[in-house]
Amino acid sequence: MSSYQSINPANNELMKSWPSHDESAVSHALDVADRLFHSSWSKGEIQPRLQVLKKLADLIDSRAEELATIASKEMGKLIGQSRGEVKICSQIARYYAEHAERILQPQAYPSELGEAWVEYHPIGVLVAVEPWNFPYYQLMRVLAPNLALGNPVLAKHANIVPHCADVFEKLVREAGAPEGAWTNLFISNEQVADLIADDRVQGVALTGSERAGSAVAEQAGKYLKKSTLELGGNDVFVVLDDADLDEAVRQGVQARLSNCGQVCTAAKRFILHEKIADRFISQFSAALSSATLGDPLDEKTTLGPLSSADARDRLVKQVDEAVANGATLVTGGKAAEGAGCFYQPTILTGITPNNPAYYQEFFGPVAQVYVVGDDNAAVALANDSHYGLGGSVWTRDTARGRKLASAIETGMVFINSQSDTSAELPFGGVKRSGYGRELSDLGIKEFANQKLVVVAG
Ligand SMILES: NC(=O)C1=CN([C@@H]2O[C@H](COP(=O)(O)OP(=O)(O)OC[C@H]3O[C@@H](n4cnc5c(N)ncnc54)[C@H](O)[C@@H]3O)[C@@H](O)[C@H]2O)C=CC1
Ligand SMILES: CCCCCC(=O)O
């Protein structure tokens with residue numbers, strides 16, 4: 001039985017099983033990608049590659065509804081949120097089409113040795129290992145900068161979103177990219193490891209769990225290949241005593257329930273100043289528990305299913321364990337009745353450091369709520385985490401917000417906005433949230449040979 005299956009998590013319907021790629025198919029894909037890297041496509045003028053990105057952005061826009069529906073059916077994202085994901089994918093393609101040539105211009109380095117500059121060259125074939133939660137965006141974050149730079153990519157997508165993986169590859173080819181520029185492979189973890197070990201592969205980008213990140217980074221390290229990791233997060237949503245409470249509640253609900261909470265930068269730990277905590281919890285709980293669970297294709301639905309039965313079962317176990325270890329359930333706390341992988345929006349309070357939940361990421365509609373007495377306590381709690389991805393701070397005093405943003409040990413902090421992403425801004429974290437940055441000028445240089453050239457003076 002193929003390990004790549006399209007199963008609708010809203011009703012558990014098996015829509016399609018996808019055949020895996022065997023050794024000869026993988027070997028062929030690597031041969032073609034490596035030949036492409038050594039061709040004028042990768043090493044020549046950038047503009048032909050940027051034209052492909054422009055065309056890709058237009059194609060995505062023209063097929064947005066079809067693409068959004070495929071994603072919502074395959075991993076349960078609300079149709080409106082899938083439309084938003086498709087939109088940002090064309091934004092990323094367009095951003096690099098318009099800015100990559102400028103970003104990759106040689107950079108002068110004044111030096112006593114003579115005229116010196118750094119050039120940016122592609123390094124070769126990359127492997128991309130990506131998760132199901134943003135089935136197109138996670139692929140585009142690797143494709144767009146590396147197609148602009150000239151690195152061919154072999155992509156291994158999550159096993160539960162093969163239709164998204166397949167349609168993405170077809171779009172890239174339809175946009176004019178040659179065979180080998182982006183190749184989707186329905187392969188096993190072992191086949192990924194073999195690819196990373198191959199001399200023709202120069203790097204690997206992964207987004208996913210710590211478990212996957214650790215395994216892939218270990219293999220990359222063993223074979224001295226560059227890697228970037230974007231892993232889990234346990235991001236804080238800090239509400240200070242002078243915050244616009246209604247706006248903080250409104251965005252807090254979105255930040256926890258969007259994509260059924262399956263977002264690495266979702267608000268997961270709500271840290272509330274004691275002066276506003278009761279009001280926030282009351283409004284937040286009322287709003288969360290009024291979510292409309294249902295088919296993600298129904299515009300009236302405000303909370304879809306988790307991505308799979310496994311994801312739902314993991315969350316059930318995690319919340320039960322948190323309560324068994326002393327957490328208080330304010331609302332929710334159970335899988336929803338009926339078919340599909342639904343889970344009730346949930347709030348947990350009273351989580352003490354000796355509760356396993358204290359350091360755990362809840363990858364679903366489960367909010368951990370903590371109450372603190374001042375800003376220093378908020379920062380100390382925020383930083384008491386194995387993760388360091390994103391976070392947000394809510395206050396009417398921007399200087400106060402800036403101070404906390406700088407003190408919180410993560411890769412990204414938003415003030416008076418839930419975490420977000422945009423092509424021109426770097427994305428990534430520290431600690432066990434991984435390393436490296438995607439998007440922006442930083443993302444396109446992660447897998448570039450930043451070559452120094454010096455003309456002796
Ligand atoms: N940072 C993020 O955006 C995401 C984080 N996650 C985290 O991962 C957890 C579990 O979600 P999963 O879908 O199971 O993520 P996962 O980490 O298992 O899957 C991510 C990708 O890595 C691949 N993978 C897993 N183990 C691998 C290995 N040993 N070698 C090569 N490839 C491997 C998977 O097939 C998939 O393509 C979530 O609870 C969440 O904590 C999941 C999705 C996105
Ligand atoms: C809109 C936010 C995108 C987050 C992508 C992630 O979960 O890795």
Side-chain angles (χ1 to χ4, degrees), residues 3-4 9 20 75 77 81-82 84-89 91-92 127-142 154-162 164-165 184-197 204-220 227-235 254-255 258-268 306-315 317-318 360-364 366 386-390 392 411-412 414 417-423 425 427-429 432-434 436 438-439:
S3 62
Y4 283 85
S20 297
M75 48 73 61
K77 187 174 286 183
Q81 293 171 10
S82 288
E85 178 181 351
V86 169
K87 190 161 181 276
I88 193 168
C89 284
Q91 188 228 16
I92 294 168
V127 171
V129 180
E130 302 299 332
W132 42 265
N133 67 331
F134 287 83
Y136 302 122
Y137 166 83
Q138 305 286 13
L139 302 183
M140 186 59 83
R141 282 200 314 196
V142 180
L154 303 174
K156 187 253 179 264
H157 213 339
N159 296 47
I160 63 171
V161 284
C164 293
N184 171 62
L185 292 171
F186 292 140
I187 55 176
S188 67
N189 296 348
E190 292 70 27
Q191 287 173 295
V192 170
D194 293 342
L195 280 175
I196 294 171
V204 56
L206 177 137
T207 294
S209 64
E210 293 169 70
R211 171 184 46 77
S214 175
V216 164
E218 181 183 15
Q219 182 73 347
S227 61
T228 59
L229 300 180
E230 197 258 283
L231 306 177
N234 208 359
D235 292 0
Q254 289 176 347
S258 180
N259 198 18
C260 199
Q262 302 164 118
V263 182
C264 59
T265 49
K268 296 174 181 143
L306 289 161
S307 63
S308 67
D310 286 350
R312 186 264 326 277
D313 296 344
R314 270 202 299 268
L315 198 63
K317 187 169 172 291
Q318 211 179 348
Q360 285 176 356
E361 172 187 35
F362 285 78
F363 216 60
V366 179
H386 304 307
Y387 296 103
L389 193 56
S392 63
M412 306 168 280
F414 290 75
S417 162
Q418 60 189 288
S419 289
D420 203 344
T421 184
S422 190
L425 299 177
F427 191 107
R432 295 185 67 86
S433 291
E438 297 194 274
L439 301 178

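Just follow the structure's listing: the first ligand is 1, and inside any ligand the first atom is 1. No experiment lies behind these values; they were computed from the predicted model shown.
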### Summary
Within 4.0 Å of some non-hydrogen atom of Phe427, the atoms of ligand 2 are 4 (C)
### Query
What residues come within 4.0 Å of ligand 1, counting heavy atoms only?
Val129, Glu130, Pro131, Trp132, Asn133, Gln138, Lys156, His157, Ala158, Asn159, Asn189, Val192, Thr207, Gly208, Ser209, Arg211, Ala212, Ala215, Val216, Glu230, Leu231, Cys264, Arg314, Glu361, Phe363
### Message
Among Cys264, Ser422, Ser433, which one puts a heavy atom closest to atom 8 (O) of ligand 2?
### Response
Cys264
#### Entry: Backbone N/O of Glu361 and side chain of Gln318: donor-acceptor pair under 3.5 Å
yes
### Message
Could you tell me, atom by atom, which parts of ligand 2 come under 4.0 Å of a heavy atom of Glu230?
### Response
6 (C), 8 (O)
### Query
Can you check whether Pro131's main-chain N or O pairs, donor with acceptor, with Gln138's side chain at less than 3.5 Å?
no
### Summary
Distance col, row Ser433:OG vs Glu210:CD, nearest 0.5 angstrom, shows 7.5 Å
#### Entry: Tyr137 neighbourhood, listing ligand 2 atoms whose heavy-atom distance to it stays under 4.0 Å
3 (C), 5 (C)
### Query
For the side chain of Gln219 and the backbone of Val216, is there at least one donor-acceptor N/O pair under 3.5 Å apart?
no
### Query
Around Gln254, counting heavy atoms of other residues, nucleotides and ligands shown, do more than 12 lie under 6.0 Å from its CD?
yes
### For Thr265, the ligand 2 atoms whose distance to one of its heavy atoms is below 4.0 Å
2 (C), 4 (C)
### Query
Any cation-pi pair here, Arg141 with Phe427, using under 6.0 Å and within 45°?
yes
### Query
Got an N/O contact under 3.5 Å between Thr207 and ligand 2?
no
### Message
If the test is side-chain contact (heavy atoms from CB on, under 4.5 Å), which one of Leu315, Asp313, Asn259 qualifies with Leu306?
### Response
Leu315
#### Entry: salt bridge (Lys or Arg N to Asp or Glu O under 4.0 Å) involving Lys156 - partner list, sequence neighbours excluded
none
### Task
Mark yes when over 12 heavy atoms from residues, nucleotides or ligands other than Arg432 sit less than 6.0 Å from its CZ; otherwise mark no.
no
### Summary
Counting heavy atoms under 4.0 Å, the part of Thr421 that contacts ligand 2 is side chain
### Task
Using a 4.0 Å heavy-atom threshold (strictly under), name the region of Gln262 that reaches ligand 2: side chain, backbone, both or neither.
neither
#### Entry: Parallel, tilted or perpendicular, as decided by the 30° and 60° cut-offs, for the rings of Phe363 and Trp132
perpendicular
### Gln91-Ser422 side chain donor-acceptor pair, cut-off 3.5 Å
yes
### Summary
Atoms of ligand 2 under 4.0 Å from any heavy atom of Val263, numbered from 1 in the order shown, are 4 (C), 7 (O)
### Query
Backbone, side chain, both or neither: what part of Asp420 comes under 4.0 angstrom of ligand 2, heavy atoms only?
neither
